[in-house]
Each structure stands twice: as C-alpha cells, then as structure tokens.
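Accompanying notes for the structure given below.
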Amino acid sequence: MNNKIKIWTALCAAVCAIAFGACDDDKDLSYKGSLDLNMLGIKQASEIWDGAQCNVSTSLKEPQAGEVQKVDNFNYRLNLALYQNREAGKDATVDLVVAVDSLNKAIANVGTSSVYDVYANALLLPEEYYNLSANKMQLNAGNTKSEEVELNVYSSQLIALVQEEYKEDMKFVLPVRIQNSTSYAINGKTNTIMFFFNVTYVAPANPEDYVADGEGVPDDHTLEGGYKLLWHDEFNGTGAPNAEMWRFEEGFQRNEEDQWYKKENAEMKENALVFTAKQERVKNPNYNPNATGGNSWKQTREYAEYTSACVVATNNYAFKYGRLIVRAKVPIEQGGWPAIWSTGNWYEWPLGGEIDILEFYKEKIHANLCWGGSSRWNGTWNSANYPITDFTSKDAKWAEKYHIWRMDWDEKYICIYLDDVLLNKTDLSTTNNKGDHGAGDGGNINPFSNNIEGFGQLMMLNLAIGGNNGRPIEATFPLEYRVDYVRVYQKQ
C-alpha cells in the first residue's frame, strides 16, 4: 500500500494542477514571506505542496475483458505534524473535517482563472462512499507526527455508481481539512488535502448482451441444417408463465436443498422469466421431527429459511432429438444453484435419463448426462465442469450478460454448448440403463436413444439454494436468475 501511495502522490502534480484554492481559503495565489516553524499542517499535504497545490488524484474505471480492477479500494493514511517535521513541545489536538465550504468556494471560482478549471463539473464525494477512521488528530509533545487517521474510499462502489446511474465520466472530490487547534497555529497552506476521483464511464460494447430479447421468433422459425421450431416460450409477457406449458413445483423437492419452492418467486418481466431467491422463513406444513427414511429431511425441518421457484414443462411439451436453445443470465454467487435441465417423462429417476444443460454450483459451470446405474436411484454420470474463472477472467462482466446454452441431440450423440463452445459430448451408445433394480420398468432401455413413441424429456428451469452441492451459502439476497427464452427445434 505504501508503494501505491507514493505512486499516487507522484502523479498528483502531473494529473491535477490547482492553485492555492485547493488548500487555502484565502485564495492567495502567490506565496510571500516565510512560514512560521511552529505551524501545524497535515504531514502528507506538506509533502506534496509545491507552492500551488495539495491534491491527490486517482483515476478509476470499470475493468475491461481480461482486466483486473487496479484500485479496488483507495486507502490513504494521514498524520498531523509541525512545519518541517519538528518535534512538538506540547500536545496539540485538531478536528478533522470534510471541508465542504472549501470545495464550494473552489467550484464557485471556475471560469475566473485557469487554476480553477480542475473543479469544473466536480461533485462532492457522497458520504456513503468513504470512511474516515477518526474525526480528531493529536500530536503529542516529544513526537514529530501524530497517530495515523485512515481514509478509505470504496472505489468499486463508486465505479458502480457511475456505470449504473450517471453513465458518463464523473469527477468527485473529497476535501479533508484540519481546524480548531488546541495548541499552535494551523498552516493555511497545508491544512487541506483535496482528493480527486476521476471515474471514467465505460459504455457496454454490446448493450444487447445485458438485456432480454423483446421480439422473439415466429412459430415457423427455422435454422440452418433443416431445423424447424417445435415449441418455444419467449417470456415476453408479465406475471406467471404460460400455465399450459409450465407447472410450478412447491415446497422441498430434492438434494436436501435449503429453499422452499413457491410460484410467487418466478414471474415474467422485462422480457424474461425472472426467478428470485429470497432469504425468508417459511413454516413447513409437513413438519415431523420423528420422520425417518431417505427423504425425511423434507419433514424434519420445521422451517425453510429461503424461498425460490422451479418450473417444469407440462407433458404436452416433452421432446426427443433436435436442438434446444436457452438464453439466460445466471447468478454466480456461492450457494446459488441455477439450472437448465430435463428429465424423462416416464420411469423413475434416473431410468428416464437426466440432461443438465446448465448447472452452476461450487464456483463451476456443469454440463452432465445421467442414466440408470448399478443400483436403484443410483445414476451413471458423464459430467464436465469448468471453473467460473475460465469465463470471468476473459470477461469481467460475464455474470451481468445473457449467454446461450445449446444442446444438439440425435440418435448418436448429445452435445452441450455454452456460447458455441463445446462443454460435453456424450456417445449415446454408452448410455443404456443397467437394470431396473426393483423399479419395475425402464431398466433395459437407453433413455436418450430409442424408438419409444411418446417418450422424451421434460424441460426444467429453477434456482435452488444450498443443498448437497450448494453449501455453504454465501450469496447476497435477493438473488436473481433470468431466462430470456426456451426454443426447441427438430429436423424436418
């Protein structure tokens, strides 16, 4: 941090020129005479004062793809000292204040002299974006400087303010001044430091990446390769999704997940189906502290501490083979578990097969297939997973954008893609179930490659919280997962 402070200090004179208006309310634009050796000042102001300024300037901007924010949080340490760092002969205490009046005077003088040009369009740094560790400074007798007072400026939040609200380059100033000395006079030339934060607005390269498609495609839409639209939902309305096409799950469901599913947590808005996970307590109507068995967790919990939503395609929308395209914006906070997946419309799990086009948990993107294994309710998996940093290291705004998940499915292979990059390719000659193990049916089929009339996969969209693969829960709530559209094509 000391090296950073030296760099910022060295940049001060080059980046931000200003006359005495930065440090001296008297606006004396030329220095005459000598300074009293028994005068208090801010030590760092004395070090950077060059006869014209006492400014520190920091440039901030949203990191681009592949960049890391260079100034995460601006940190500066201030001391009280006598002129030329002389040893104090007696204790001295001063107040440390944000000198709004000094800044206003400097802004008022914009246009009267070129030395004030730096204040053009400047705004006072809002108080919620910084913290001073103390409002007093004390120089004790026998010392050359006081204890440090730390100034922290929340640079990341300041960048977000500019990116999300102002949407243009902004200049913020924090004027820090000492006053009301109990001993010694205060040096009017080094009593104030002006901290400038020049925040550059970075316009999104492709604004459409951040918003849902409000137009959709017609029912007779086709793709290259002979694909014709079988069914789709563009989610361009408002309120609950189409009840003919989707049903809601309710309550506790699977994987010992922490959320209680309820339909109120998914609604169409802003041209997308928006799932909202909330941290809120719900009484479990099925509570039974004495329940036993594999699913007893659904009863032994008296409350759910989170709510969210899951929708499942109705039976009329089962499909087999073709191309599935889903555009979605997914949260990537630990404990959130967004998914785009499907299960067979017949047979118990996993004999009907499961396809996970997307799962995100434990900081990884997953693409999986599952079919019947060596015992009941035990699956055979072909899984692929990728650290989320594989994506965010290339694009710092990855989680703020919509992305395309695609599945291509024929009799021989299922291929899962993310933004046209292959994640998982499964040879369907290897996906035969290994017996029903007492289930009664489905144990000898291949759930992904067969000629069974009416058998296929049902789409599911959900945002789970916690559970077997999602703990610990560190996400910030409410947590949102947005699905722009679901489109299923088959070859003509």
Side-chain angles (χ1 to χ4, degrees), residues 240-241 246-267 269 272-313 326 328-343 348-350 354-368 370 377-379 381 383 385-388 399 405 458-483:
W246 304 100
R247 65 176 178 84
F248 282 96
E249 288 191 328
E250 296 184 0
F252 292 129
Q253 290 293 325
R254 61 188 67 84
N255 300 322
E256 297 189 21
E257 293 161 2
D258 291 73
Q259 82 289 332
W260 184 270
Y261 281 140
K262 59 179 188 176
K263 62 182 181 181
E264 292 84 0
N265 288 51
E267 63 175 330
K269 61 181 180 180
L273 180 59
V274 182
F275 297 82
T276 304
K278 302 177 182 179
Q279 188 169 9
E280 59 180 352
R281 172 170 281 195
V282 174
K283 176 74 173 178
N284 181 4
N286 304 313
Y287 175 59
N288 177 5
N290 300 314
T292 59
N295 283 321
S296 60
W297 65 273
K298 296 181 181 180
Q299 296 173 276
T300 55
R301 297 176 182 176
E302 186 175 2
Y303 297 95
E305 302 297 339
Y306 303 88
T307 62
S308 191
C310 174
V311 296
V312 184
V326 181
K329 181 189 296 189
V330 301
I332 59 171
E333 295 188 55
Q334 172 59 38
W337 191 349
I340 302 167
W341 59 304
S342 66
T343 57
E348 71 175 33
W349 186 92
E354 175 182 331
I355 307 172
D356 301 321
I357 297 94
L358 156 72
E359 287 188 289
F360 172 82
Y361 57 85
K362 291 186 177 177
E363 301 181 339
K364 291 182 179 180
I365 294 283
H366 298 255
N368 315 310
C370 179
W377 304 305
N378 177 55
W381 293 86
S383 299
N385 58 78
Y386 303 83
I388 191 62
W405 277 266
L458 291 175
M459 284 299 306
M460 301 179 71
L461 306 168
N462 70 289
L463 175 55
I465 300 297
N468 292 337
N469 288 318
R471 298 190 185 99
I473 301 170
E474 299 172 351
T476 302
F477 294 90
L479 192 66
E480 281 193 353
Y481 166 40
R482 292 175 176 250
V483 179

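Keep in mind that what you see is a predicted model, and the values were worked out from it rather than measured.
Scanning both residues, Ile357 and Ala367, for their nearest heavy atoms gives O-CB, 4.3 Å. Pro478 approaches Thr276 most closely through the heavy-atom pair CB-CG2, 3.8 Å. Residues Trp377 and Pro350 share a closest heavy-atom pair of CA-CD, 4.0 Å. For Phe252 against Ala304, the heavy-atom pair with the smallest separation is CZ-CB, 3.6 Å. The heavy-atom pair separating Gln334 from Gly470 by the smallest distance is NE2-O, 3.3 Å. Contact between Gly466 and Trp337 at its shortest, heavy atoms only, is O-CE3, 3.3 Å.
Two residues are said to be in side-chain contact when any heavy atoms from C-beta on lie closer than 4.5 Å; Trp246 and Leu461 meet this criterion. Side-chain contact between Met459 and Ile340 is present, with at least one heavy-atom pair separated by less than 4.5 Å. No side-chain heavy atom of Leu479 sits under 4.5 Å from any side-chain heavy atom of Tyr306. Contact of the Asn469 side chain with the Asn255 side chain is not registered, since no non-hydrogen atoms from C-beta on lie closer than 4.5 Å. Residues Glu302 and Asn284 form no side-chain contact, since every pair of their non-hydrogen atoms from C-beta on lies 4.5 Å or further apart. In this structure the side chain of Lys278 never reaches within 4.5 angstrom of the side chain of Lys262, judged on heavy atoms.
In terms of the side chain to side chain contact (heavy atoms under 4.5 Å, CB included) criterion, residue partners of Tyr303 (sequence neighbours excluded) are, by chain and number, Arg281, Lys283, Glu305. The salt bridge (Lys or Arg N to Asp or Glu O under 4.0 Å) search around Glu249 returns Arg254, not counting sequence neighbours. Partners of Phe360 by ring-ring contact (aromatic ring centres under 6.0 Å, His included), not counting sequence neighbours: none found. Residues satisfying the side chain to side chain contact (heavy atoms under 4.5 Å, CB included) test with Trp381, not counting sequence neighbours, are Trp349, Glu354, Asp356, Asn368, Cys370, Ser383. Residues passing the ring-ring contact (aromatic ring centres under 6.0 Å, His included) test with Tyr481 are Phe275, sequence neighbours excluded. For Glu250, there are no salt bridge (Lys or Arg N to Asp or Glu O under 4.0 Å) partners two or more places apart in sequence or in a different chain. Take Glu363 and apply the salt bridge (Lys or Arg N to Asp or Glu O under 4.0 Å) test, not counting sequence neighbours, and it matches no residue. Scored by the salt bridge (Lys or Arg N to Asp or Glu O under 4.0 Å) test, Glu264 finds no partners at all (sequence neighbours excluded). Shown here are the side chain to side chain contact (heavy atoms under 4.5 Å, CB included) partners of Ser308, two or more places apart in sequence or in another chain: Gln259, Tyr261, Ala277, Leu463. For Thr307, the side-chain hydrogen bond (donor to acceptor under 3.5 Å, both in side chains) partners two or more places apart in sequence, or in a different chain, are Asn265, Glu280.
A donor-acceptor pair shorter than 3.5 Å can be found between the side chains of Asn462 and Trp341.
Atoms SG and CZ, from Cys310 and Arg247 in turn, are 8.0 Å apart once rounded to the nearest 0.5 Å. Taking CD of Glu333 as the start and CD1 of Ile388 as the end, the distance is 12.0 Å to the nearest 0.5 Å.
Residue pairs meeting the salt bridge (charged side-chain N to carboxylate O under 4.0 Å, His left out) criterion with at least one member in residues 464-475, sequence neighbours excluded: Asp258-Arg471.
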Under 3.5 Å, which donor-acceptor pairs link side chains of residues 286-298 to any protein atom two or more places apart or in another chain?
residue : atom : partner : partner atom : Å
Asn288  : OD1  : Asn290  : N            : 3.0
Ser296  : OG   : Gly293  : O            : 2.9
Lys298  : NZ   : Gln253  : O            : 2.9

